[in-house]
Amino acid sequence: MRNVTFAQEVGARERFEFGRNWRRFLSSLTEQKIQNAMDALASMMEMNDLRGLRLLDIGCGSGLSSLAARRLGARVHSFDYDPESVACTLELRNRFYPQDGGNWVVEQGSALDGSYLRSLGSFDIVYSWGVLHHTGAMWKALENATIPLAAGGTLFIAIYNDQGGHSRRWRAVKRLYNRMPRGLRFLVVIPVAVHQWWRPTLKDFLRLRPFSTWRSYSSGRGMSPWRDVIDWVGGYPFEVARPEEIFDFYRKRKYELIKLKTCGGSLGCNEFVFGRSR
């Protein structure tokens with residue numbers, strides 16, 4: 001269990017309010033973005049039909065991945081530490097599945113609370129995309145993610161890639177952003193946005209396709225490019241791991257790596273799908 005609350009961490013400027021960012025993202029959610037999220041989940045899981053399966057979404061964020069899983073037929077249990085993220089996911093459930101409380105449960109909870117995770121029962125799929133490295137205790141969260149996974153189940157996680165000193169510098173930027181007054185945070189966001197986007201934007205202009213990369217960004221996991229910039233620069237606490245560290249961590253716990261998608265040595269997330277033996 002945590003010794004402090006979410007509000008206390010935010011008040012101490014030690015935690016980014018992901019839910020506030022996702023709330024704005026929901027206003028731009030389209031059917032195409034939902035379909036893109038479904039395609040991304042189905043591709044990594046190598047399953048187009050999740051009917052008959054229970055999926056736990058640890059750190060549900062905007063609720064988009066939970067919605068994608070529900071549309072693929074899974075019974076979904078979503079939780080997040082951030083109350084605004086819980087509200088976002090509830091909004092999507094109420095918008096698309098208003099009479100579906102039993103098949104899509106949404107509540108507040110912590111990935112660091114082992115007792116809470118044990119209380120949820122077992123799941124065929126435990127999913128946590130880009131979340132566990134924001135808990136402030138990543139390795140404990142990675143361990144806890146196995147608690148509700150059923151024998152023979154599948155664990156799907158995404159963790160930020162470790163780039164050594166580069167990652168440490170980004171951690172300092174993120175910490176600075178959260179410690180700045182809200183009205184001045186644009187002083188960090190704008191330079192980061194320029195840093196991340198000037199190369200693809202220049203290439204688009206040279207190819208006579210202005211901003212095509214920006215416009216097509218949501219074809220990946222359905223996210224908005226601007227919301228992802230805010231999510232990236234503000235995402236604190238912030239921890240990272242090399243792919244082999246994640247592999248070794250779960251191998252020692254008798255998990256088998258089924259699928260791996262790396263970010264090519266960049267600052268993004270490496271995606272892992274592990275199987276738990278029966």
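- Proximity of Tyr81 to Glu9: side-chain heavy atoms (C-beta onward) are separated by under 4.5 Å at one or more points.
- Salt-bridge check for Arg20 with Glu84: failed, with every basic side-chain N at 4.0 Å or more from each acidic carboxylate O.
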Mind running side-chain contact (heavy atoms from CB on, under 4.5 Å) on Gln163 and Asn161 for me, showing each step along the way?
CA-CA 6 Å; Gln163 288 197 303; Asn161 188 46; 3.9 Å; yes
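- Between Phe249 and Trp139, the distance from one ring center to the other falls under 6.0 angstrom.
- Between Leu64 and Leu92, the closest heavy-atom pair is N-CD1, 3.7 Å.
- Looking only at side-chain heavy atoms (C-beta outward), Asp228 and Phe25 stay at 4.5 Å or farther from each other.
- Cluster membership for Leu184 and Val173, using ILVMFWY side-chain heavy atoms within less than 4.5 angstrom, is shared.
- With salt bridges taken as basic N to acidic carboxylate O contacts below 4.0 Å, none links Arg168 and Glu239.
- A search for ring pair (Phe, Tyr, Trp, His ring centres under 6.0 Å) contacts involving Phe247 returns nothing, not counting sequence neighbours.
- Put simply, the side chain of Arg93 gets close to the backbone of Trp104: a donor and an acceptor are under 3.5 Å apart.
- A cation-pi contact links Lys174 to Trp232, judged by a cut-off of 6.0 Å to the six-membered ring centre and 45° from its axis.
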Between Ile34 and Glu31, does a side-chain contact (heavy atoms from CB on, under 4.5 Å) hold up when you go through it step by step?
CA-CA 5 Å; Ile34 296 171; Glu31 278 297 322; 4.0 Å; yes
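- A donor-acceptor contact shorter than 3.5 Å is absent between the side chain of Glu14 and the backbone of Pro237.
- Of all the heavy atoms in Pro225 and Trp214, the pair that sits closest is CG-CE2, 3.5 Å.
- In this structure, the side chains of Arg24 and Trp226 stay at 4.5 Å or more apart for every pair of heavy atoms.
- In this structure, Ser78 OG and Leu56 CG are separated by 8.0 Å, a value rounded to the nearest 0.5 Å.
- In this structure, the ring of Tyr116 has its center less than 6.0 angstrom from the ring center of Phe79.
- Ring geometry for Phe274 against Phe272 counts as parallel: the plane angle stays under 30°, on a 0 to 90° scale with 60° as the upper cut.
- The shortest non-hydrogen separation linking Leu142 to Ile157 is CD2-CD1, 3.7 Å.
- Considering CE of Met45 and NZ of Lys259, their distance stands at 10.0 Å, rounded to 0.5 Å.
- Arg23 has no carboxylate O lying under 4.0 Å from a charged side-chain N of Glu17, or vice versa, which leaves the two without a salt bridge.
- Although no hydrogens or angles enter the test, the distance criterion places a donor-acceptor pair under 3.5 Å between the side chain of Ser128 and the main chain of Ile58.
- Formation of a donor-acceptor pair under 3.5 Å by the Asp204 side chain with backbone atoms of Ser212 is found in this model.
- Within the model, atoms CZ of Arg13 and CE of Met180 stand 9.5 Å from one another, a figure rounded to the nearest 0.5 Å.
- Of the listed residues (Tyr127, Tyr250, Tyr255), just one forms a ring pair (Phe, Tyr, Trp, His ring centres under 6.0 Å) with Phe156, and that residue is Tyr127.
- Between Cys269 and His133 there is a side-chain heavy-atom pair separated by less than 4.5 Å.
- Geometric assessment of Arg171 against the ring of Tyr236 yields a negative cation-pi assignment under the 6.0 Å and 45° thresholds.
- Put simply, CG on Asn21 and OG on Ser62 are 9.5 Å apart, with the number rounded to the nearest 0.5 Å.
- Side-chain atoms of Val273 and Leu155, non-hydrogen and from C-beta on, never get closer than 4.5 Å to each other.
- In this structure a side-chain-to-backbone donor-acceptor pair under 3.5 Å is missing from Ser43 to Ala40.
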Take Glu271 and Leu260, measure what side-chain contact (heavy atoms from CB on, under 4.5 Å) needs, and give me the verdict at the end.
CA-CA 6 Å; Glu271 300 178 57; Leu260 169 65; over 6 Å; no
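- Asn270 contributes a side-chain N or O that, together with a main-chain N or O of Cys263, makes up a donor-acceptor pair within less than 3.5 Å.
- In this structure, the side chains of Lys33 and Ser28 come closer than 4.5 Å at one or more pairs of heavy atoms.
- Side-chain atoms of Val229 and Val189, non-hydrogen and from C-beta on, do get closer than 4.5 Å to each other.
- Partners of Glu107 under the salt bridge (charged side-chain N to carboxylate O under 4.0 Å, His left out) rule, at least two apart in sequence or in another chain, do not exist in this structure.
- Contact of the Tyr160 side chain with the His134 side chain is registered, since non-hydrogen atoms from C-beta on lie closer than 4.5 Å.
- Rounding to the nearest 0.5 Å gives a distance of 14.5 Å between CE of Met44 and CG of Asp39.
- A pairwise comparison of heavy atoms in Val131 and Gly59 identifies CG2-O, 3.3 Å as the closest pair.
- Each of Thr89, Asp80, Asp57 was evaluated against Ser66; a single residue qualifies, Asp57, per the side-chain hydrogen bond (donor to acceptor under 3.5 Å, both in side chains) test.
- Using modelled atom types, one side-chain atom of Glu245 and one backbone atom of Arg242 make a donor-acceptor pair closer than 3.5 Å.
- Panel note: side chain Asn103, backbone Arg75; no donor-acceptor pair is recorded below 3.5 Å.
- Cation-pi geometry between Arg54 and Phe123 is met: the NZ or CZ atom falls under 6.0 Å from the ring centre, inside 45° of the normal.
- For the pair Arg15 and Phe6, the cation-pi criterion (under 6.0 Å, within 45° of the ring axis) is not fulfilled.
- In plain terms, the two heavy atoms of Gly19 and Cys88 that are nearest each other are O-SG, 3.8 Å.
- Summarising the geometry of Ser65 relative to Leu41, their closest heavy-atom pair is O-CD2, 4.4 Å, with the distance given to 0.1 Å.
- Of the inter-residue distances, the one linking Glu143 atom CD with Leu112 atom CG reads 12.0 Å to the nearest 0.5 angstrom.
- Remark: Thr201 engages Trp197, Phe205, Phe211 in a side-chain contact (heavy atoms from CB on, under 4.5 Å) (not counting sequence neighbours).
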